[in-house]
Each structure stands twice: as C-alpha cells, then as structure tokens.
Amino acid sequence: MKHLFLLASLFCTLMACGDKQLSRQEIITDYYGARDARNFTKIKTLIADSITITAGDYIMPYTRESFYEVFKWDSVFRTSYEVVELEESGKRIVASISISSGRHEFLKNDPMQCRYGISFDSGKISKIEELECKDTDWNAWQAERDTLVSWTKKNHPELDGFINDMTMEGAQNYVKAIELYKSDKITQEANVEQP
C-alpha cells in the first residue's frame, strides 16, 4: 500500500510538471523558433484559434487553417527568424525580431530588424502588429519589387501575378521569377563585357 501511495504521488508530480504554463516571453521565443524551424505543428500550440496580423494599413485576420497557408508561403523563401529583444509593454509584449530570407536579399533589405507588438488571448498569441522595421529602405524594396514585376510580366507572363498570390504556388513563382531575372541580368552583363 505504501508503494502504491508513493507511485501515485510520483505520477501526480510528473503530471503537474508536464502542465507547466509558459510565460508570454517563452511563448514568443517558441513561436519564432518554430517559424525559423518551419514547424507549424508547434506554432498551432502557441497561437489562438484566430490570429490577426497588422502591417501599416493592412489588417489580416486568419484562422489557424488560413494562417497555415501564409506560413507555407513564407516557408518557400526559407525565412529565418531570430528574437533580438523582448520587452513588456502593458498588456502586450514588444518583440524585436531579425528576419532574413532570399526574398529580402533580392529586395535589398536583408536582414530586416522589425519590432512587433504581440497580444495574447487565453495564453495564446492572438495579434501580431508590425510597429516598425528600422533601417529598412522601403524605396529600394519597392523599386526592386516593381522592376521584378515588370520584367516578369514582359518576359515570363506565365508567372505574372505572383506578387499578390499568398499561396505556396505564388511563393514558388516569386522565387522562380527572381531566379530567372538574376540569370537574365547575368547574361546581359556578360554580353556587354564582350568586345
């Protein structure tokens, strides 16, 4: 009987340890770690049933299922995330995140360091609001993006529309457009160098 009581106590203690609640800062660190590792299974445990992403005037509400589509889009670019700093700010946490990807490199802004206001609902991330991306050259970003879109429309119309296609296929077309554009540019530069 004594052994049974000890086993029951040990079991209860182990179960209590497994139910440890993460702090909000730990949740954010785990979230960006899962984004970096492209692990949506982990992300699902950290976000609320619905999550809203805001960037400037854009307000994008998602269910977990629709957020998965955006996650897949981002994963095509092999985006990496690193938590630089977390600070408590009232009911939310402000996170400074370093973000790097081939897309950002092409758009002449790699890495980017952005600050996000992150809000919670019942211990899960429910809103991520872009506050600022310091040192980001939005003019260079827009110029490179517009050049790529125009070049693609003219030279590879089958890929046209990738810029507004937030699906995995849209991201794959985006990557393909970048590769074709770079290849064409190298070819043109080689032709100019020949006498």
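This structure is a prediction, so every number in the text was calculated from the model and none was measured. No hydrogens, no waters, no symmetry mates; every other heavy atom, side chains included, goes into these values. Numbers here simply count residues along the sequence, with the first being 1.
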Item to check | For Q25, side chain to side chain contact (heavy atoms under 4.5 Å, CB included) partners two or more places apart | outcome: S23, L86, E88, I93
Next on the checklist: Enumerate the disulfide (SG to SG under 2.5 Å) contacts for residues 22-94, please, sequence neighbours excluded, ordered by first and then second residue.
Outcome noted: none
Item to check | ring pair (Phe, Tyr, Trp, His ring centres under 6.0 Å) contacts touching residues 20-40 (sequence neighbours left out) | outcome: Y32-Y81, F40-Y68, F40-F71
What pairs of donor and acceptor atoms, side-chain ones from residues 116-124 against any protein atom, are under 3.5 angstrom apart with sequence neighbours left out?
residue, atom, partner, partner atom, Å
K124, NZ, T45, O, 2.7

Item to check | Donor-acceptor contact below 3.5 Å, side chain S150 vs main chain D146 | outcome: yes
Item to check | Hydrophobic cluster identity match, L131 and Y58, side-chain contacts under 4.5 Å | outcome: no
Checklist outcome for this item: All heavy atoms of D135 vs all of N109, minimum pair found to be O-OD1, 4.3 Å
Checklist entry - Can you check side-chain contact (heavy atoms from CB on, under 4.5 Å) on R38 and R78, steps first, answer last? => result CA-CA 8 Å; R38 289 173 274 297; R78 307 203 56 80; 3.3 Å; yes
Item to check | Shortest non-hydrogen contact between I27 and L22, atoms and distance | outcome: CG1-CB, 3.8 Å
Next on the checklist: Please determine whether a side-chain nitrogen of the Lys or Arg among R64 and D49 lies less than 4.0 Å from a carboxylate oxygen of the Asp or Glu.
Outcome noted: yes
Checklist entry - Salt-bridged, D74 to R35, with N to O below 4.0 Å? => result yes
Item to check | Test: E69 and K72 ion pair at under 4.0 Å | outcome: yes
Checklist entry - Could you walk me through whether T63 and S50 pass the side-chain contact (heavy atoms from CB on, under 4.5 Å) check? => result CA-CA 4 Å; T63 63; S50 63; 5.6 Å; no
Checklist entry - Which residues, ordered by chain and number, are linked to L159 in its hydrophobic cluster, where ILVMFWY side chains connect at heavy-atom gaps below 4.5 Å, directly or through other members? => result W73, V76, F77, F106, L107, M112, W138, W141, L148, V149, W151, F162, I163, M166, M168, Y174, V175, I178, L180, Y181
Side-chain donor-acceptor distances from residues 94-103 under 3.5 Å, at least two apart:
residue, atom, partner, partner atom, Å
S100, OG, D110, OD1, 2.8
S100, OG, D110, OD2, 3.0
S101, OG, R103, N, 3.3
S101, OG, H104, N, 3.1

Checklist entry - Should the pair E129-R92 be classified as a salt bridge under the 4.0 Å nitrogen-to-oxygen rule? => result yes
